[in-house]
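Below is one structure; the comments refer to it alone.
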Amino acid sequence: MGVFDLSVEQLNTYRGTNPKPRDFDEFWDRSVQEMKSIDPCVELKKSGFQTDFADCYDLFFTGMDRARIHAKYIKPRNGKEPHPAVLMFHGYTGNAGAWIEKLGYAANGFSVFAMDCRGQGGWSEDPGGVRGTTYRGQIIRGLDDGPEYLLFRKIFLDTAELAGIAMGMPEVDKDRVGVLGQSQGGGLTIACAALEPRIKRLAPLFPFLSDYQRVWELDLAKDSYEELSYYFRWFDPTHAREREIFETLGYIDVQNFAGRIKGRVLMGTGLMDTNCPPSTQFAFYNKLTGEKESILYPDFRHENIPDFNDKTFQFMRGL
């Protein structure tokens, strides 16, 4: 395994470095209530992509700041109703991906919902509206204005809102909904299941957005976490505000959501991953109190892991 991080024995006991704000749960309780006060104005449009066994739609709903959020929605035609559903979240800067990538679940009787994150590569809107830097990175967007303005607060709430919409579909069994994703998608999987605790199963693969201070201390504020380095260099070059900055980021640190999760967890980790270091993933995992399983891949970095994709499919079939 990689020598840049902790041993497997140490990973199994590591519980994170980044500070957790004292009012973390109150902050998110208020945020969820604000999100639920919004009329989602759900709109379905038949997609140009169709299959013989499922209907494909572009789904739009209104999220925070009145942004219109887009998701791909696949409804099996011959599935027993109500049937299970899975939500899928994509990697950083990407989009919901190709329709064909989701058909395996639909062919097995699942409704599928795959969201475009606002401000990234899909059709979802990003109204903006912060004073501070918007250069490249989205982790730091809104950091100068306070936790309510953090872009990832809005993205996290978008995931929970989509989950609620999915559970409200007449063909979906609200008690058989799962969530999955890798990297940013893994982080959003965690946030979604924490903010919508009716989620029954979640399968994050090398989750991003966890334990920012640990990433910094490992000198790995590069690649996906590069914006942390830019922020300190430009706005706090002597690190006089380091504690304040990391504590504010703690509001969008997914390790802090572990105690809110009610569903069963399957997590995959590549032990050579220098983008999302294994210790940052186990900072989340070790705080979980419910049923959980971790699968380690000693030779894998931050890359597609076909074996975990197969295991995730079998895991979600348990719904």
**Asked** Stepwise, does the side-chain contact (heavy atoms from CB on, under 4.5 Å) test hold for Phe49 with Leu103?
**Response** CA-CA 12 Å; Phe49 180 94; Leu103 296 184; 4.2 Å; yes
**Request:** Give the intermediate values and the outcome of side-chain hydrogen bond (donor to acceptor under 3.5 Å, both in side chains) for residues Gln281 and Gln255.
**Result:** CA-CA 8 Å; Gln281 301 173 46; Gln255 66 168 314; over 6 Å; no
**side-chain hydrogen bond (donor to acceptor under 3.5 Å, both in side chains) evaluation trace for Asn275 with Tyr92** = CA-CA 12 Å; Asn275 287 64; Tyr92 202 22; over 6 Å; no
**Message:** Show, in sequence, the C-alpha distance, side-chain angles and deciding distance for Thr159 and Leu87, and conclude whether the side-chain contact (heavy atoms from CB on, under 4.5 Å) test is met.
**Reply:** CA-CA 9 Å; Thr159 70; Leu87 279 68; over 6 Å; no
**Request:** Could you check Phe300 against Phe206 for ring pair (Phe, Tyr, Trp, His ring centres under 6.0 Å), going step by step and ending with a plain yes or no?
**Result:** CA-CA 11 Å; Phe300 282 80; Phe206 41 75; 9.5 Å; no
**Prompt:** Given the rule in the ring pair (Phe, Tyr, Trp, His ring centres under 6.0 Å) test, do Phe110 and His83 qualify, once you have shown the distances and angles that lead to the verdict?
**Reply:** CA-CA 6 Å; Phe110 285 73; His83 52 241; 8.3 Å; no
**Item:** Test log, rule salt bridge (charged side-chain N to carboxylate O under 4.0 Å, His left out), inputs Arg141 and Asp126
**Value:** CA-CA 12 Å; Arg141 188 175 298 182; Asp126 176 20; 2.7 Å; yes
**Message:** Leu143 vs Phe235, test: side-chain contact (heavy atoms from CB on, under 4.5 Å). Steps then yes/no.
**Reply:** CA-CA 11 Å; Leu143 186 59; Phe235 300 106; over 6 Å; no
**Working for side-chain hydrogen bond (donor to acceptor under 3.5 Å, both in side chains), residues Ser37 and Glu34** = CA-CA 5 Å; Ser37 72; Glu34 182 182 351; over 6 Å; no
**Prompt:** Hey, mind stepping through Ile190 and Ser210 against side-chain contact (heavy atoms from CB on, under 4.5 Å) and telling me if it holds?
**Reply:** CA-CA 10 Å; Ile190 293 167; Ser210 183; over 6 Å; no
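Here Trp216 and Tyr225 keep their ring centres 6.0 angstrom or further from each other. Ring-centre distance between Phe27 and Tyr251: below the 6.0 Å cut-off. Aromatic rings from Tyr105 and Phe313 are positioned such that their centres are separated by under 6.0 Å.
Arg15 places a side-chain N or O within donor-acceptor distance of the main-chain N or O of Asn286, the cut-off being under 3.5 Å. At distances below 3.5 Å, not a single donor-acceptor pair connects side-chain atoms of Arg264 with backbone N or O atoms of Glu291. A side-chain donor-acceptor contact under 3.5 Å links Asp236 to the backbone of Arg241. At distances below 3.5 Å, not a single donor-acceptor pair connects side-chain atoms of Glu247 with backbone N or O atoms of Pro21. In this structure, Asp23 contributes its side chain and Glu26 its backbone to no donor-acceptor pair below 3.5 Å. No donor-acceptor distance shorter than 3.5 angstrom exists from the side chain of Tyr14 to the backbone of Glu9, with no hydrogens or angles considered. Judged purely by atom type and a 3.5 angstrom limit, Thr248 has no side-chain atom pairing as donor or acceptor with the backbone of Pro147. A donor-acceptor contact shorter than 3.5 Å links the side chain of Ser124 to the backbone of His70. In this structure a side-chain-to-backbone donor-acceptor pair under 3.5 Å is missing from Asp116 to Asn95. Side chain of Lys102 to main chain of Ala98: a donor-acceptor pair is present (N/O by atom type, distance under 3.5 Å, no hydrogens or angles).
Across all non-hydrogen atoms, the minimal contact from Gln213 to Pro19 is OE1-CD, 3.3 Å. Taking every heavy atom of both residues into account, His302 and Ser183 meet most closely at NE2-OG, 2.8 Å. Across every non-hydrogen atom of Ala221 and Ser229, the tightest pair is O-CB, 3.7 Å. Of all non-hydrogen atoms in Arg176 and Leu319, the two that sit nearest each other are CD-O, 2.5 Å. Heavy atoms only, all atoms of each residue included: Ala96 and Ala114 are closest at CB-O, 3.4 Å. Closest approach of Glu148 to Arg153, counting heavy atoms only: O-NH1, 3.1 Å.
To the nearest 0.5 Å, atom CG of residue Leu44 and atom CZ of residue Phe60 are 10.0 Å apart. Remark: Thr274 OG1 to Asp5 CG distance equals 10.0 Å, nearest 0.5 Å. Atom CE of residue Met267 and atom CZ of residue Phe284 lie 7.0 Å apart, to the nearest 0.5 angstrom. Rounding to the nearest 0.5 Å places CD of Glu227 at 15.0 Å from NZ of Lys222. To the nearest 0.5 Å, atoms NE2 (His239) and CZ (Arg233) are separated by 10.0 Å. With values rounded to the nearest 0.5 angstrom, Thr269 atom OG1 is found 9.5 Å from Tyr297 atom OH.
Counting heavy atoms from C-beta outward, Cys56 and Lys72 have side chains that stay 4.5 Å or more apart. Contact of the Met167 side chain with the Ile199 side chain is registered, since non-hydrogen atoms from C-beta on lie closer than 4.5 Å. Residues Ser279 and Leu11 form a side-chain contact, since some pair of their non-hydrogen atoms from C-beta on lies under 4.5 Å apart.
A cation-pi arrangement is absent between Arg214 and Phe246 under the rule of less than 6.0 angstrom and at most 45 degrees off the ring axis. A cation-pi arrangement is present between Arg201 and Phe315 under the rule of less than 6.0 angstrom and at most 45 degrees off the ring axis. By the 6.0 Å and 45° rule, Lys292 stacks over the aromatic ring of Tyr285.
Side-chain contact, Arg30 with Gln33: no donor N or O sits under 3.5 Å from an acceptor N or O.
Salt-bridge annotation for Asp253 and Lys20: absent, with no side-chain N of the basic residue lying under 4.0 Å from a carboxylate O of the acidic one. Using a 4.0 Å cut-off between charged nitrogen and carboxylate oxygen, Glu43 and Arg68 count as a salt-bridge pair. A salt bridge links Arg260 and Asp29; the closest N-O separation between the charged side-chain nitrogens and carboxylate oxygens is under 4.0 Å. Salt-bridge annotation for Lys311 and Asp307: present, with a side-chain N of the basic residue lying under 4.0 Å from a carboxylate O of the acidic one. The residues Asp175 and Arg198 are annotated as not salt-bridged, no charged nitrogen and carboxylate oxygen being separated by less than 4.0 angstrom.
The number of heavy atoms from other shown groups lying within 6.0 Å of CZ (Arg22) does not exceed 12.
Taking the six-membered ring where the residue is Trp, Phe156 and Phe152 present tilted rings, their angle falling between 30° and 60°.
A chain of hydrophobic side-chain contacts below 4.5 Å, direct or via other Ile, Leu, Val, Met, Phe, Trp or Tyr residues, connects Leu195 to Leu151. Cluster annotation: Leu188 and Ile165 are assigned to the same hydrophobic cluster (Ile/Leu/Val/Met/Phe/Trp/Tyr, side-chain heavy-atom contacts under 4.5 Å, transitive). There is no path of hydrophobic side-chain contacts, each under 4.5 Å, that joins Val265 to Ile305. Leu157 and Ile69 fall within the same hydrophobic cluster, defined by Ile, Leu, Val, Met, Phe, Trp and Tyr side-chain heavy atoms under 4.5 Å apart, directly or through other members. By the criterion of side-chain heavy atoms lying less than 4.5 angstrom apart, applied directly or through intervening Ile, Leu, Val, Met, Phe, Trp or Tyr residues, Val179 is not grouped with Met316; the two fall into different hydrophobic clusters.
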